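Following: one structure in structure tokens, then a few remarks.
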Amino acid sequence: MREVGADEAGPVLKAYARTAPATRPYFGAGLDDPPEAFAREAHLHPVFELLPAPA
């Protein structure tokens, strides 16, 4: 796995907040904000990409 950068994390965090309503209070950005607003919070909410295991 690898931790993604803020630019990649922004859209993921926005989608997460949209699909998991219980998480919304933990974000300063709102659902109407652009992904860049969520990217600014990426240091508080790390996002990881799961990669296939080496063969």
Side-chain angles (χ1 to χ4, degrees):
M1 91 175 125
R2 76 171 179 95
E3 185 172 0
V4 303
D7 290 341
E8 285 182 90
V12 174
L13 292 171
K14 181 172 181 162
Y16 179 54
R18 185 175 308 281
T19 59
T23 66
R24 290 180 192 155
Y26 300 100
F27 290 97
L31 295 180
D32 292 331
D33 291 330
E36 293 79 17
F38 286 88
R40 288 191 290 274
E41 298 186 46
H43 68 285
L44 300 171
H45 313 286
V47 174
F48 294 89
E49 177 185 14
L50 300 179
L51 303 168

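Computed from a predicted model, the values in this text were never measured in an experiment.
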Donor-acceptor pairs under 3.5 Å, side chain of residues 26-36 to any protein atom, not counting sequence neighbours: which ones?
from  : atom 1 : to    : atom 2 : distance (Å)
Asp33 : OD2    : Gly30 : N      : 2.6

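Panel note: side chain Arg24, backbone Arg18; a donor-acceptor pair is recorded below 3.5 Å.
Val47 and Ala9 get closest at one heavy-atom pair: CG2-CB, 3.8 Å. The shortest heavy-atom contact between Gly10 and Phe38 is O-CB, 3.5 Å. Pairing each heavy atom of Pro21 with each of Thr19, the nearest pair is CD-O, 3.4 Å.
In terms of the side chain to side chain contact (heavy atoms under 4.5 Å, CB included) criterion, residue partners of Leu50 (sequence neighbours excluded) are, by chain and number, Met1. Evaluation of the side-chain hydrogen bond (donor to acceptor under 3.5 Å, both in side chains) rule for Glu3 yields no partner, not counting sequence neighbours.
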